[in-house]
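First the structure, in the form of structure tokens, and then the observations on it.
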There are 2 protein chains.
Amino acid sequence: MPRSKGKKSSAPVTIHDVAERAGVAISSISRVLSGHPDVSERMRIKVQKAADELGYEPDFFAQSLRSGATKTIGFIMRDISNPFFGVIAQCCEQELRKAGYSMLLMNSDGDVATESTNIAQLRRRKIDGLIASLVSEDIPELNSTLEKLNAPVVLLDREVVGLNSSAILANHHQGVEDATVDLISRGHKRIAFISGSTRVYTTRDRLKGFKSAFKKAGIAYPTDLVSLGKFDAEFGESETKRLFTLKDRPTALLSGGIGSTAGAMRGLKKLGLVPGKDLAFVAIDEWPMFDVYGQQFSSVYRDAAMMGREAAAALLEMISGGSPRTIMVETHYIVRESSTGGLKAKKK
Amino acid sequence: MPRSKGKKSSAPVTIHDVAERAGVAISSISRVLSGHPDVSERMRIKVQKAADELGYEPDFFAQSLRSGATKTIGFIMRDISNPFFGVIAQCCEQELRKAGYSMLLMNSDGDVATESTNIAQLRRRKIDGLIASLVSEDIPELNSTLEKLNAPVVLLDREVVGLNSSAILANHHQGVEDATVDLISRGHKRIAFISGSTRVYTTRDRLKGFKSAFKKAGIAYPTDLVSLGKFDAEFGESETKRLFTLKDRPTALLSGGIGSTAGAMRGLKKLGLVPGKDLAFVAIDEWPMFDVYGQQFSSVYRDAAMMGREAAAALLEMISGGSPRTIMVETHYIVRESSTGGLKAKKK
DNA sequence: GCATAAAATAGAAACGTTTCCAGAAACGAT
DNA sequence: ATCGTTTCTGGAAACGTTTCTATTTTATGC
């Protein structure tokens with residue numbers, strides 16, 4: 001008689017309790033509840049009844065320990081408070097939940113060490129899959145770290161060579177190129193470009209679009225106005241201030257990533273420069289509500305919700321044996337007020 | 001000889017492997033690694049060495065199954081893509097991670113049924129604690145559902161009577177009252193008020209501040225201009241349109257919650273009404289970047305980051321045996337351009 | 001009715017830990 | 001030396017499942 005007789009009603013009910021109540025073996029309980037085919041109708045009913053009466057809920061840890069599947073997906077982002085990532089996370093979680101998976105969320109704070117600690121933690125938790133927006137693509141031990149996870153991986157906006165993972169990539173260069181072409185056609189030559197680290201695809205692909213627009217126009221791109229470093233607001237702000245106090249100051253600005261854009265806007269404000277008037281301005285990635293704020297900001301738009309859904313879909317596919325694949329998400333240049341200005345009434 | 005000899009190098013290394021390598025019992029491994037005091041220096045070194053050499057990482061599920069502690073915190077929000085909740089989640093996760101906990105994130109999508117499914121899921125996963133912003137406070141079975149979790153709970157901006165949980169409450173009424181008093185003092189009487197469901201503390205406390213401002217001014221508050229229902233943008237937009245096309249249309253608007261505000265702003269835009277000119281406008285809760293957008297929006301501000309940190313702290317405290325407590329977070333009325341306008345050049 | 005196959009069930013061995021218990025070694029005091 | 005303590009260690013029993021194997025029951029074909 002291993003377990004006390006209902007003394008504490010709060011003691012969780014286990015598979016043994018159900019077996020005792022139904023008068024059958026615990027293996028039969030397991031079989032019924034997991035939908036095993038070799039089960040008689042009589043048994044099914046008897047077990048179901050006992051389980052319902054006791055309000056039995058299988059213990060997750062015991063199940064996972066035995067079966068190996070944890071029904072848990074790791075999700076690593078630089079910073080979930082970034083609304084762009086927030087939308088991705090939300091859509092992703094919805095899809096995963098529908099499929100019976102739960103999401104373990106971790107912020108990397110943009111720090112390589114934190115990220116690697118997080119991955120280690122997720123490995124110990126035996127996650128069934130990982131969705132991540134990595135801090136950097138060229139960490140030496142990255143591939144082995146991810147492979148040791150022994151679980152499918154979906155990367156968001158990252159290209160890691162030699163890794164057998166799926167990827168959701170945005171076609172940044174197209175949108176940025178369109179925007180830059182437009183600015184050039186309006187007469188701009190001194191166009192500033194601020195984005196994050198070149199250690200990630202995002203920045204490299206945006207830069208590609210920027211350069212290619214200048215190439216098409218047959219003019220050299222302004223190397224002194226390209227500032228690549230970090231994605232955070234501080235960097236965006238200080239670089240904006242630096243660039244727009246240069247002797248030969250830019251007439252237009254493209255700022256990349258939601259953090260950079262926030263910083264750039266603050267910087268401009270402090271300099272007393274108004275987008276759409278004192279300079280032309282295009283934000284790469286939209287802040288929520290970009291469409292309704294008083295000031296109309298142009299942008300290079302991409303659909304975060306779709307990226308989240310696609311990431312979930314790709315991961316679930318791999319979990320059920322599918323092969324990794326790369327999904328390309330388009331970006332679109334959206335022209336609003338702020339694309340004008342900056343050219344001292346040259347045309348009007 | 002229960003386990004194969006290093007045939008597959010990818011086979012995870014268990015406590016048995018370490019024991020074998022160090023030539024000691026598995027119980028000793030466990031004792032060393034969990035920092036048990038009754039362990040000799042010689043043993044400690046020997047075990048540590050073997051564990052390091054093999055790169056041993058304890059299996060999380062086995063640990064949890066045996067010890068009962070999961071080092072996992074559930075986190076339920078209406079919608080993580082809401083930047084306000086995003087900031088809370090981010091700060092919360094940071095604090096919890098520092099303490100060795102991981103965060104299981106679930107969106108309730110503002111739906112009672114989904115929320116309850118999520119809680120059930122978290123119960124099966126035996127979480128050590130829950131932080132939640134509930135859909136509603138008056139669900140009949142809510143208390144028992146949460147108590148069955150058998151884990152400490154911290155509620156965000158919710159008051160559930162008879163539940164032994166901590167709560168992080170924002171002092172909404174103060175900020176809203178200040179804002180309303182200011183609007184009244186500027187000459188407004190027809191002030192519209194849009195916020196979410198009265199089934200949660202948030203709305204009720206805001207309404208309290210709104211009413212109390214009118215009481216102080218000695219005038220009746222405009223019951224026909226108070227619209228309480230949902231927190232989402234659709235509601236905010238349609239109600240704004242309805243209220244501002246009334247015969248006796250309001251001259252000012254307070255919109256509550258980040259979603260409502262988004263909707264309200266869209267609605268105003270579609271009506272061609274400009275905040276700060278055609279009406280006075282105060283947002284309750286700030287969107288990120290409120291300080292830099294071209295249009296300057298007044299707001300009732302509260303510190304989301306602090307709420308996140310406090311929530312984590314309160315939960316960790318309860319996990320280590322502390323008692324539940326209620327933390328009040330102040331709100332502040334921040335006056336910007338949009339507080340002006342709406343009064344047909346009455347004063348100038 | 002009987003042999004044979006198929007279906008259903010029970011029992012027990014995992015899964016990888018922690019923790020309890022008992023025994024061995026070390027230590028000081030007599 | 002001997003005896004009690006204390007300190008340390010090994011063995012084994014949990015934790016709550018799933019799954020393998022063996023056994024019993026039922027169905028099938030003659």
Side-chain angles (χ1 to χ4, degrees), chain A residues 1-4 8 11-48 50-51 54-72 123-126 128 150, chain B residues 1-4 8 11-48 50-51 54-72 123-126 128 150:
Chain A
M1 196 178 293
R3 57 194 54 255
S4 59
K8 282 206 170 181
V13 24
T14 76
I15 199 171
H16 289 97
D17 302 324
V18 184
E20 195 182 335
R21 175 137 192 157
V24 301
I26 61 165
S27 47
S28 297
I29 309 294
S30 176
R31 248 169 322 200
V32 170
L33 265 35
S34 63
H36 193 97
D38 290 355
V39 144
S40 72
E41 197 52 28
R42 224 166 58 87
M43 174 67 88
R44 193 183 313 282
I45 290 167
K46 196 161 52 174
V47 168
Q48 202 56 258
L54 293 174
Y56 170 66
E57 289 179 330
D59 181 292
F60 209 86
F61 285 83
Q63 283 186 319
S64 298
L65 176 61
R66 180 59 234 226
S67 70
T70 61
K71 289 283 180 182
T72 307
R123 180 174 56 236
R124 295 218 307 128
R125 285 176 182 262
K126 300 244 186 316
D128 288 345
N150 229 342
Chain B
M1 198 177 292
R3 57 193 54 255
S4 60
K8 281 207 171 178
V13 24
T14 76
I15 201 171
H16 289 97
D17 302 324
V18 183
E20 194 182 335
R21 174 134 190 160
V24 301
I26 60 164
S27 46
S28 296
I29 309 293
S30 176
R31 253 178 316 231
V32 169
L33 265 34
S34 63
H36 194 95
D38 290 355
V39 143
S40 72
E41 198 51 28
R42 225 166 58 88
M43 175 68 87
R44 193 183 311 283
I45 291 168
K46 197 161 52 176
V47 168
Q48 201 57 258
L54 293 173
Y56 169 65
E57 289 178 331
D59 181 291
F60 210 85
F61 285 84
Q63 283 186 320
S64 298
L65 175 60
R66 180 58 232 230
S67 69
T70 60
K71 290 282 178 181
T72 307
R123 179 175 56 237
R124 295 217 310 126
R125 285 178 182 259
K126 300 243 185 318
D128 288 343
N150 227 343

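Residue numbers start from 1 in every chain, and the chains themselves are labelled A, B, ... in the order their sequence lines are given, proteins ahead of strands. Just so you know, these numbers come straight off a predicted model, no measurement behind them.
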Just how far, in rounded Å, is [atom2] of [N] from [atom1] of [X]?
| X | N | atom1 | atom2 | answer |
| --- | --- | --- | --- | --- |
| A:K46 | C:dA8 | NZ | P | 13 Å |
| A:R123 | C:dG16 | CZ | C1' | 17 Å |
| A:H16 | D:dA14 | NE2 | C1' | 11 Å |
| B:L65 | C:dG16 | CG | P | 12 Å |
| B:I15 | C:dG16 | CD1 | P | 11 Å |
| A:E20 | C:dA10 | CD | P | 14 Å |

List the atom of [X], the atom of [Y], and the distance in Å for their closest heavy-atom pair.
| X | Y | value |
| --- | --- | --- |
| A:V32 | A:Q48 | CG1-NE2, 4.4 Å |
| A:P12 | A:D17 | O-OD2, 4.0 Å |
| B:S30 | B:I15 | N-CD1, 3.9 Å |
| B:L65 | A:A62 | CD1-CB, 4.0 Å |

>> Using 0.5 Å steps for rounding, measure from the NE2 atom of A:H16 to the OH atom of A:Y56.
In response: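 One gets 9.5 Å once the value is rounded to the nearest 0.5 Å.
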>> Can you tell me how far apart OG (B:S40) and CD1 (B:I45) are? Round to the nearest 0.5 Å.
In response: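 CD1 of B:I45 is found 8.5 Å from OG of B:S40.
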> Would you say the side chain of B:M43 lies within less than 4.5 Å of the side chain of B:V24, judging by non-hydrogen atoms?
Replying inline: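 Contact flag for B:V24/B:M43 side chains = yes.
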> Is there side-chain contact between A:F60 and B:T70, with heavy atoms separated by less than 4.5 Å?
Replying inline: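 SC-SC contact between A:F60 and B:T70 ruled out.
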> Using a heavy-atom distance cut-off of less than 4.0 Å, which residues of residues 54-61 of chain B contact DNA chain C?
Replying inline: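 B:Y56, B:E57, B:P58, B:D59, in order of number.
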> Between the two end axes of the helix from C:dG1-D:dC30 to C:dT30-D:dA1, each built from 5 base pairs, what angle do you get to the nearest 10°?
Replying inline: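 Between the axes fitted at each end of the helix from C:dG1-D:dC30 to C:dT30-D:dA1 lies an angle of 40°.
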>> Check this for me: does any side-chain nitrogen of one of A:D59 and B:K126 sit under 4.0 Å from a carboxylate oxygen of the other?
In response: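 Looking at B:K126 together with A:D59, the answer is yes, because their closest N to O distance falls below 4.0 Å.
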> Taking the side chain of B:R66 as heavy atoms from C-beta outward, which of D:dA14, D:dT19, D:dT17 is closest to it?
Replying inline: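 Output: D:dA14.
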> Would you say A:D128's side chain and A:A69's backbone share a donor-acceptor pair under 3.5 angstrom?
Replying inline: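 Flag not set: sc A:D128 to bb A:A69 has no pair under 3.5 Å.
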> Can any side-chain N or O of B:R124 pair as donor or acceptor with the backbone N or O of A:P58 at less than 3.5 Å?
Replying inline: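 Here the side-chain-to-backbone pair exists.
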>> What residues from residues 24-43 of chain A pass a heavy-atom cutoff of under 4.0 Å to DNA chain D?
In response: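 Those residues whose heavy atoms fall under 4.0 Å from DNA chain D, taken from residues 24-43 of chain A in numerical order, are A:I26, A:S27, A:S30.
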